[in-house]
Amino acid sequence: MRVTVVGTGYVGLVHGVVLADMGNEVVCVDNDPAKLEKLRNGVSPIYEPGVEEILSRTLANGMFRVTDSVAEGTKHGEVVFIAVGTPPGPDGTPDTSAVRAVASQIGSALDSYTVVVNKSTVPVGAGDMVEEIILEAGGDPSLFDVVSNPEFLREGSAVWDTQNPDRVVIGAKTPEAAKKLLELYEPMGTPTLVTDLNSAEMIKYASNCYLATKISFINAISRICELCDADVGAVAKGMGMDPRIGAQFLQAGLGWGGSCFPKDVAGLIKISDSFGYDFGLLKASEAVNQNQTPHFLRRLEDRMGGFEGKTIAVLGLAFKPNTDDIRDAKSIEAVRILLAGGAEVRVHDPVAMPAVKAVLPQAVYCDEPYATGEGADAVLLVTEWKAYRELDWARYGSAMRHRVLFDGRRALCRAEVEAVGFHYETIGSRPLLGTPVADQP
Ligand code: UGA
């Protein structure tokens with residue numbers, strides 16, 4: 001099938017190359033010349049495992065190409081996906097200006113029947129909005145249908161998630177439009193739900209907000225565990241053994257970040273408000289999330305007897321492992337708190353350092369993880385990259401001034417690090433008693 005994807009971010013690019021790899025003729029459209037140049041040369045503008053390999057393969061076999069012209073893309077595609085960003089506006093309402101601009105360009109270029117698909121996360125009702133814009137731009141109503149087909153991929157495993165989705169949701173007004181997408185996804189053999197447009201748009205928000213709330217729930221439990229001397233890891237394990245609850249997304253930590261959960265939670269709160277429903281549960285979930293990192297940093301500060309004059313190492317800056325994305329990353333918040341407290345902050349991340357350096361030039365950027373520990377009074381693990389789980393902690397500690405390890409992701413083995421002399425604290429376990437660093441010799 002001839003497919004066009006407008007937008008080459010995490011969603012658009014991965015979707016485009018995977019569809020090309022399945023044998024579809026794919027054109028990806030972007031208005032950023034630098035991105036297009038990289039893509040033409042087989043270089044992925046995003047760090048996402050596996051993308052570059054498929055990109056090279058599909059460029060070489062001619063199934064994938066790029067252009068800066070939405071009109072060209074519209075004329076090419078029987079199906080045109082809109083996968084441009086919908087970042088939160090100042091009050092949390094999703095900014096759909098990029099979606100609207102693309103819809104208008106599609107409207108003025110339509111010359112044969114096309115299924116226009118909203119892949120971006122858009123407020124409920126945006127399908128109708130796209131339809132209106134296409135009509136206003138001169139699109140012939142008999143030449144298009146608008147469909148909502150939300151994306152459920154996770155950054156870091158985007159290729160796998162796109163190739164192996166656990167469900168395909170298609171929100172359509174006409175059976176013909178749904179049929180076209182069913183045909184496109186048929187080779188994946190995935191369970192599919194066909195619904196109306198608004199329900200499909202709501203499924204995306206409801207899914208992300210439910211997952212974010214599940215994490216906030218376990219993070220709230222982690223706070224009680226710290227107070228009553230229970231261990232949130234054991235609690236999550238016991239809860240997760242109930243199939244009605246499930247074990248996933250019960251990992252307590254510094255809170256959720258990234259380009260999706262914070263934006264979609266804020267977005268659904270606003271959308272609910274606009275329809276006259278006060279979504280208190282979601283507001284509480286957001287509040288728990290906002291408190292989680294400052295709380296753990298306060299625990300570290302108490303342990304240190306203040307940050308002033310201390311050297312603190314930070315391991316991990318990306319919002320989660322296997323991505324270079326730092327949008328709403330808890331690392332930024334943590335480093336800001338440390339710097340504001342007067343600490344020297346030594347950081348490392350396998351891929352996200354350049355992006356963070358641009359916003360926090362005051363930190364010391366280390367080429368490799370062990371260098372962060374040199375002269376450090378404490379180390380804070382923020383992102384649970386595999387490389388950090390596998391560090392030789394005896395070696396790491398030997399360069400530190402004090403062996404204090406605060407694990408913001410419950411990623412390390414307490415027994416292992418305690419065996420090499422670390423004072424180890426983590427989320428959801430009672431702070432350990434002992435002499436604060438400030439009072440140690
Ligand atoms: C999320 C959803 O999982 C995807 O299904 C969805 O398609 C995507 O948003 C999107 O809307 O595009 P993503 O943001 O890439 O995917 O990453 P997740 O793996 O969901 O992690 C989100 C955040 O939650 C991260 O900060 C992670 O550290 C945190 N998290 C996740 C926890 O703190 N605990 C957990 O148990 C799981």
Side-chain angles (χ1 to χ4, degrees), residues 215-236 250-257 286-317 319-320 329-347 363 372-373 376-384 388-389 393 396-397 400-418 420-440:
I215 301 168
S216 279
F217 185 86
I218 200 67
N219 280 339
I221 294 288
S222 81
R223 297 289 295 275
I224 314 170
C225 286
E226 290 174 12
L227 296 169
C228 72
D229 200 13
D231 182 79
V232 75
V235 176
L250 280 181
Q251 180 69 34
L254 293 171
W256 32 267
E286 196 178 45
V288 168
N289 197 54
Q290 283 164 355
N291 286 330
Q292 200 68 356
T293 296
H295 163 71
F296 197 53
L297 269 285
R298 268 195 304 276
R299 272 180 61 180
L300 176 59
E301 190 175 15
D302 287 350
R303 179 76 213 168
M304 296 279 99
F307 291 137
E308 188 65 48
K310 302 289 185 322
T311 299
I312 312 287
V314 172
L315 290 173
L317 299 170
F319 89 91
K320 66 173 196 175
K330 293 297 176 189
S331 63
I332 309 277
E333 194 179 348
V335 172
R336 283 206 171 113
I337 293 172
L338 293 169
L339 289 169
E344 176 181 305
V345 186
R346 300 174 63 78
V347 304
T372 57
D377 295 291
V379 50
L380 172 68
L381 181 79
V382 175
T383 314
E384 66 278 31
Y388 301 149
R389 294 176 191 268
W393 284 99
Y396 190 96
M400 295 179 79
R401 198 156 32 213
H402 297 106
R403 294 190 184 205
V404 174
L405 170 48
F406 269 60
D407 179 355
R409 295 293 173 184
R410 298 185 61 87
L412 304 173
C413 170
R414 175 188 293 277
E416 249 171 56
V417 292
E418 284 182 348
V420 293
F422 273 93
H423 167 93
Y424 176 81
E425 292 201 22
T426 192
I427 304 257
S429 302
R430 189 167 59 89
L432 297 181
L433 300 175
T435 320
V437 166
D439 303 333
Q440 287 176 20

Side chain to side chain contact (heavy atoms under 4.5 Å, CB included) assessment of Asn219 paired with Arg223: CA-CA 7 Å; Asn219 280 339; Arg223 297 289 295 275; over 6 Å; no
How many angstroms lie between atom [atom1] of [X] and atom [atom2] of [Y], to the nearest 0.5 angstrom?
{"X": "Leu412", "Y": "Glu418", "atom1": "CG", "atom2": "CD", "value": "11.5 Å"}
{"X": "Glu344", "Y": "Leu339", "atom1": "CD", "atom2": "CG", "value": "9.5 Å"}
{"X": "Leu315", "Y": "Leu381", "atom1": "CG", "atom2": "CG", "value": "6.0 Å"}
{"X": "Asp231", "Y": "Ser222", "atom1": "CG", "atom2": "OG", "value": "10.5 Å"}
{"X": "Trp256", "Y": "Glu286", "atom1": "CH2", "atom2": "CD", "value": "5.5 Å"}
{"X": "Leu254", "Y": "Glu384", "atom1": "CG", "atom2": "CD", "value": "9.0 Å"}

On a heavy-atom basis, which atom in [X] and which in [Y] lie closest, and how many Å separate them?
{"X": "Val382", "Y": "Gly316", "answer": "CB-O, 3.4 Å"}
{"X": "Ile218", "Y": "Ala236", "answer": "CD1-CB, 3.9 Å"}
{"X": "Ile427", "Y": "Gly408", "answer": "CG1-O, 3.8 Å"}
{"X": "Ser429", "Y": "Arg410", "answer": "OG-NH1, 3.3 Å"}
{"X": "Leu297", "Y": "Phe307", "answer": "O-CZ, 3.5 Å"}
{"X": "Val288", "Y": "Ser216", "answer": "CG1-O, 3.4 Å"}

Please check: side-chain N/O of [X] versus main-chain N/O of [Y], any donor-acceptor pairing under 3.5 Å?
{"X": "Glu226", "Y": "Gly428", "value": "yes"}
{"X": "Asp377", "Y": "Thr311", "value": "yes"}
{"X": "Glu425", "Y": "Leu300", "value": "no"}
{"X": "Thr372", "Y": "Val314", "value": "no"}
{"X": "Arg403", "Y": "Val417", "value": "no"}
{"X": "Thr293", "Y": "Ala334", "value": "no"}
{"X": "Gln251", "Y": "Arg409", "value": "yes"}

CA sep, side-chain torsions, deciding dist, call: Glu301, Ile337, side chain to side chain contact (heavy atoms under 4.5 Å, CB included): CA-CA 10 Å; Glu301 190 175 15; Ile337 293 172; 5.8 Å; no
Which residues share a side chain to side chain contact (heavy atoms under 4.5 Å, CB included) with Ile224, sequence neighbours left out: Ile221, Cys228
Salt bridge (charged side-chain N to carboxylate O under 4.0 Å, His left out) against Glu333, all qualifying residues, sequence neighbours excluded: Lys330
Within-4.5 Å side-chain heavy-atom neighbours: Met400 and His402: no
Phe296 and Leu380, any side-chain heavy atoms less than 4.5 Å apart: yes
Plane angle bin for Trp393 and Phe422 - parallel if under 30°, tilted between 30 and 60°, otherwise perpendicular: perpendicular
